[in-house]
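Numbered from 1 within each chain, the chains take letters A, B, ... in sequence-line order.
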Amino acid sequence: MSLVPTARDHATAIAADVRAGRRRAVDVVEAHLAAIAATEDQVHAFNLVTAERALAAAAEIDRRVGEGDDPGPLAGVPVALKDNLCTRGVATTCSSRILAGWEPPYDATVVRRLDRAGAVVIGKTNLDEFAMGSSTENSAFGATRNPHDPARVPGGSSGGSAAAVAAGFAPLALGSDTGGSIRQPAALCGVVGVKPTYGRVSRYGLVAFASSLDQIGPFSATVGDAAICYDAIAGHDPLDATSIPTPLESVAAHLADGVSGLRIGLVREMLEGDLAPEPDVVRRVTAAAEALEAAGAKIDEVSVPAVVYGLSAYYLIAPAEASSNLARFDGVRFGLRVDAPTTAEMMRATRTEGFGAEVKRRIMLGTYALSAGYYDAFYGQAQRVRTLISNEFAAAYERFDLLLGPTSPCVAFPLDAKTADPMTMYLNDVYTIPSNLSGQPAMSVPFGTGEGDLPVGVQLLAPALEEARMFAAAAVLEEAAP
Amino acid sequence: MTTTDAVPAAEVAPSIAPGWELVVGLEVHAELATATKMFSSAPNGFAAEPNTNIDPTSLGLPGSLPVVNGRAVELAVRVGLALGCEVRSSIFARKNYFYPDMPKDYQISQYDRPINEGGRLELPGGKVIGVTRAHLEEDTGKNSHMGGDGRITGADYSLIDYNRAGVPLLEIVSEPDISTVEEARQYVEELRAILVAIGASDGKMEEGSLRVDANVSVRRPGEPLGTRCEIKNVNSLRSLGRAIEYEASRQIDLLTAGERVRQETRHWDETGGRTRTGRVKEDAEDYRYFAEPDLVPLDPDPAWIAGIREAMPLLPRQRRERLASAAGVEPSLGAVAVAVTRGLDELALAAIEAGADGRRTLTHVEHNLAVDGAAQLAPSRFAELLAMEQSGALTSTQAREVLGAMVDAALDGRDGDPAAIAEARGFRAMDGDELAGQLDALIAAHPDEWGRFCGGDPKERGKLTGFFVGQVMKATRGQADGKVVTKLLIERAGG
Amino acid sequence: MSAKISRDEVAHVARLALLELSDEELDRFTAQLAAVLEHAQDVAALDLAALEPMAHPFPLRNVFRPDEVGPTVDRDEVLAQAPAAEDGRFRVPAILGEEP
């Protein structure tokens with residue numbers, strides 16, 4: 001029984017109406033709160049709905065419009081934030097017991113930028129604990145359900161954000177993507193999900209999982225909405241040393257560019273052989289290629305052999321960085337504390353009780369990969385695989401302007417179908433991981449359905465900083481989508 | 001030099017037992033004199049209240065990120081250049097371990113590729129100590145152990161202040177080239193003087209802005225290096241010497257008894273006068289170093305480095321040489337070192353340039369200007385005072401007193417005019433004939449003493465000189481110049 | 001590189017990471033971690049000596065901030081979120097070991 005609404009309130013239209021005074025932000029927020037009230041108990045997209053704050057912020061927007069002020073390009077648009085984004089004075093839990101109830105004393109940069117753009121935060125969404133997972137089943141606060149079929153997962157780790165958009169709870173949501181955690185749930189929930197170029201969106205205020213891979217990005221129902229959200233949050237931030245100083249180019253301004261003359265490569269290793277997806281998914285990717293061709297693009301096949309090593313490299317690098325990033329959760333300054341007579345015992349007891357199994361697995365795997373004697377063979381080697389993959393992408397981008405492939409190997413799977421063996425779950429990220437390793441942008445666009453009428457997403461990949469080109473192609477796909 | 005650092009000559013005994021060599025390497029952590037912390041814009045400096053110089057990054061809050069303080073890098077390069085290091089491209093690395101004063105439970109430091117490598121520090125005596133590296137890292141917070149006996153092992157609980165967490169540190173590591181306790185002290189003193197001179201740190205061991213750990217081992221001459229122990233918790237130069245001596249003896253005793261020295265970290269116990277073993281851990285510490293992913297590499301531009309080198313203030317060695325040359329003395333003269341250490345060399349130079357006698361100037365600086373306010377003296381006034389003394393218008397005793405008054409005035413922000421001060425106190429060096437007349441009167445009044453003076457051996461003469469000078473002083477109410485009196489006595493006695 | 005991670009090695013890294021594992025967990029995690037590392041053998045076998053390890057996707061260098069004081073956080077706000085505080089400081093149980 002699908003919980004996906006038939007009619008949608010798009011961010012672009014809302015913002016235009018609110019700015020022009022044709023609609024009140026308070027009415028927009030109330031309508032979305034009503035949608036949440038209707039089906040959230042079945043979806044469980046949110047850890048926290050911030051109704052009062054949202055209404056107060058909306059009232060302020062309306063007041064400003066009344067005074068002739070322009071609140072910004074996202075005026076009155078409700079946005080759901082993945083609960084690993086710091087929001088001052090609002091619980092930020094990372095869906096972990098170790099941070100239950102923690103209220104940061106500061107806002108993430110992206111949260112401040114959304115605020116400046118006039119957006120209204122409507123709630124914090126559920127995720128796999130500390131963003132580690134591909135189904136949102138690793139949340140300490142219960143799984144999120146896929147609005148297309150509540151017996152199935154929404155994907156992960158940003159499952160809550162994807163589901164919130166799919167269910168009509170908010171036109172926009174933010175997630176984070178380290179190995180596919182925006183794109184894969186976007187595909188499974190039938191919405192648009194974008195991972196920007198590494199460094200294009202500030203990580204300041206994103207609770208770190210793997211520092212050299214994490215990026216924040218938007219979820220939306222339309223490519224146009226994703227574009228205005230991206231434009232609002234992207235750009236250099238002096239608080240993030242890995243933030244790219246290159247001036248930001250608006251992607252919204254290039255949405256209608258089309259794909260005429262663009263060379264688009266179908267990545268062979270993502271469609272055939274050991275890593276081949278389900279047949280339905282292959283069919284949809286083929287159809288997407290045809291649609292792009294019909295719009296004037298030149299399609300060809302390209303081989304990027306090193307992508308097959310991406311999974312292994314990722315599962316050495318990401319846990320290694322995570323094991324270090326999560327050391328700060330020790331019961332001393334914030335979050336859960338399990339009391340004990342000595343500090344060392346207190347730290348151990350706190351971490352043992354506060355972290356879930358998947359988080360513990362990755363911390364241990366990461367600690368191992370960095371430990372004396374194994375560093376070179378594991379972490380060091382994985383960093384060389386990164387270079388290998390990046391070199392191969394660079395070679396591909398000499399012949400192509402964009403690459404095309406599947407986002408997920410399968411459609412949304414039932415809850416508990418893949419929880420028995422971690423490796424099975426990890427395989428969900430095979431097509432998304434390579435662009436995290438290379439730091440290049442990629443996005444998932446809904447393109448038809450597969451088995452059981454469940455959504456299928458196709459993935460566009462672009463060279464660093466070429467989001468505009470990528471969004472233009474996505475717009476073409478959206479237009480042509482079955 | 002402050003009294004906590006001055007070591008009476010009697011204590012500088014032979015450091016270790018004969019037949020053994022001492023090998024010491026020193027690790028010095030210097031807090032850099034920046035306005036903000038190493039990786040965030042929280043203030044670096046005194047805070048009256050705990051946990052007020054903090055921000056998300058220095059507290060290691062989830063979601064926070066480090067950004068490098070450009071001034072800390074500049075100061076690190078300055079230190080590297082001053083120590084003759086090669087300044088190179090470098091990266092930051094995470095050193096992972098759990099400890100409650102570390103907000104992130106890892107420290108951002110430099111491991112494989114530090115910013116400065118391969119330098120040297122020349123001790124005043126001429127011996128060169130190699131400097132392996134000098135790298136950047138962040139400081140930790142401070143634990144206070146409460147309840148129990150206040151020491152860590154007896155405490156009930158602890159309180160943590162993160163004001164210091166994130167303060168920029170430069171860790172300067174020497175080669176194990178130091179062979180005596182005195183060399184160790186000189187190394188620290190010279191290094192501190194350099195850091196202060198170039199504005200990199202205020203280098204105060206007592207306040208913790210300069211911290212020294214000593215790596216100590218012993219060996220028989222000709223043998224390979226022995227096992228070393230790291231000694232921590234040394235809070236003054238004096239403690240450094242005592243700790244090294246104690247540790248060397250301890251190791252020699254062990255080895256002499258046929259036992260091995262265990263490689264470990266030990267703590268200097270100031271009250272007990274001994275080193276103690278730290279807590280023995282089951283697993284050796286594995287810091288799992290890896291390149292800091294939140295920071296990008298430092299690649300200092302050669303032109304930028306050259307600019308820093310050009311703008312470098314004079315180093316202590318250079319200042320000593322400059323002052324010694326102007327004063328016509330050897331740079332190794334103690335008074336020269338004192339003048340530079342006190343920051344009074346410019347004052348002394350100005351006085352000498354105005355015509356003052358070099359040695360006399362240095363003597364005044366060494367003995368009479370070990371006080372606050374000395375640095376505020378106007379060089380021209382100091383020069384005038386010296387001229388008055390030189391011309392005989394003031395005795396040396398009077399000159400010292402006038403100088404004191406000038407320093408007090410300077411402290412108050414007033415100008416101290418030596419001529420006016422001397423006048424106000426009625427100082428007036430005695431006229432030579434008047435003095436001779438006084439002396440002759442006293443000789444006449446004490447014929448026995450005079451007889452003994454003329455016929456006496458040097459020791460007897462010395463004693464009686466004191467007698468006559470004292471009498472003259474009494475008679476003239478201190479206005480006589482003792483040296484002149486002595487000269488006259490000798491003349492009168494016929495040589 | 002060793003082919004299989006042992007139970008002892010898992011116990012060791014758990015200790016390093018301050019995680020306490022039951023015997024059952026130790027067995028289960030050992031099997032699961034071994035499976036992941038087994039999969040990673042494909043990467044271990046590659047000859048990549050000619051390649052530099054990539055730590056950053058984008059070649060940025062020399063990113064600094066000026067030495068100017070910025071906003072601090074309110075101590076009360078922070079301590080309100082602390083598990084235990086006293087006298088403006090974070091309170092923890094007895095710390096027995098010295099700093100490594």
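- The two atoms that bring A:S438 and C:M54 nearest to each other are CA-CE, 4.2 Å, heavy atoms only.
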Checking side-chain contact (heavy atoms from CB on, under 4.5 Å) for the pair A:L365/C:V36: CA distance, chi angles, key distance, verdict? CA-CA 9 Å; A:L365 189 53; C:V36 177; 3.7 Å; yes
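- Note that CZ of A:R361 and CG of C:L33 are 8.0 Å apart. Values are rounded to the nearest 0.5 Å.
- Taking CD1 of C:I95 as the reference point, atom CE of A:M346 lies at 9.0 Å (rounded to 0.5 Å).
- Residues of residues 307-315 of chain A that come within less than 4.5 angstrom of chain C, heavy atom to heavy atom, are A:V308, A:Y309, A:L311, A:S312, A:A313, A:Y315 in numerical order.
- Heavy atoms of C:V63 lying under 4.5 Å from chain A belong exclusively to its side chain.
- Only the side chain of A:L465 has a heavy atom closer than 4.5 Å to any heavy atom of chain C.
- Residue A:D330 does not touch chain C at all, counting heavy-atom pairs closer than 4.5 Å.
- Considering CG of C:L19 and OG1 of A:T367, their distance stands at 7.5 Å, rounded to 0.5 Å.
- Among A:S371, A:G439, A:A464, A:P341, the residue making the largest number of heavy-atom pairs under 4.5 Å with chain C is A:P341.
- Looking at A:S243, the atoms closer than 4.5 Å to chain C (heavy atoms on both sides) all sit in the backbone: N, CA, C or O.
- Residue C:E77 comes nearest to A:P105 through the heavy atom pair OE2-CA, 3.4 Å, listed as atom of the first residue, atom of the second, then distance.
- Taken to the nearest 0.5 Å, the CD atom of C:E52 stands 8.0 Å off from the CZ atom of A:R384.
- Contact of C:H39 with chain A is made through backbone and side chain together, with heavy-atom distances under 4.5 Å.
- Closest approach of A:R337 and C:P83 over heavy atoms only: NE-CB, 3.5 Å.
- For the atom pair CZ (C:R15) and CE (A:M364), the distance works out to 12.5 Å, reported to the nearest 0.5 Å.
- The two residues C:L60 and A:P245 make their nearest non-hydrogen contact at CD2-CD, 3.5 Å.
- With hydrogens and angles ignored, the 3.5 Å screen pairs a side-chain donor or acceptor of A:Q381 with a backbone N or O of C:L46.
- For chain C, no part of A:S323 is nearby; none of its heavy atoms comes within less than 4.5 Å.
- Among A:T350, A:L388, A:L239, A:I244, the residue with the largest count of heavy-atom pairs under 4.5 Å with chain C is A:I244.
- Neither the backbone nor the side chain of A:Y379 comes within contact range of chain C, judged by heavy atoms closer than 4.5 Å.
- Note on C:V78, C:L18, C:V73: by heavy-atom pairs under 4.5 Å with chain A, the leading option is C:L18.
- At distances below 3.5 Å, at least one donor-acceptor pair connects side-chain atoms of A:R351 with backbone N or O atoms of C:A17.
- Interface summary for chain C: among A:D376, A:T197, A:D339, A:V332, the most heavy-atom pairs under 4.5 angstrom belong to A:V332.
- Proximity to chain A involves both the backbone and the side chain of C:E20, based on heavy atoms less than 4.5 angstrom apart.
- To the nearest 0.5 Å, atoms CG (C:L21) and NZ (A:K360) are separated by 6.5 Å.
- Interface remark: A:A369 contributes no atoms to any contact with chain C (heavy atom separation under 4.5 Å).
- Looking at C:A84, both its backbone and its side chain come within 4.5 Å of chain A, counting heavy atoms on both sides.
- A donor-acceptor contact shorter than 3.5 Å is absent between the side chain of C:Q81 and the backbone of A:W102.
- Contacts of A:R88 with chain C are made by side-chain atoms alone, with heavy-atom separations under 4.5 Å and no backbone atom involved.
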side-chain contact (heavy atoms from CB on, under 4.5 Å) evaluation trace for C:E38 with A:M423: CA-CA 10 Å; C:E38 184 70 30; A:M423 268 321 299; over 6 Å; no
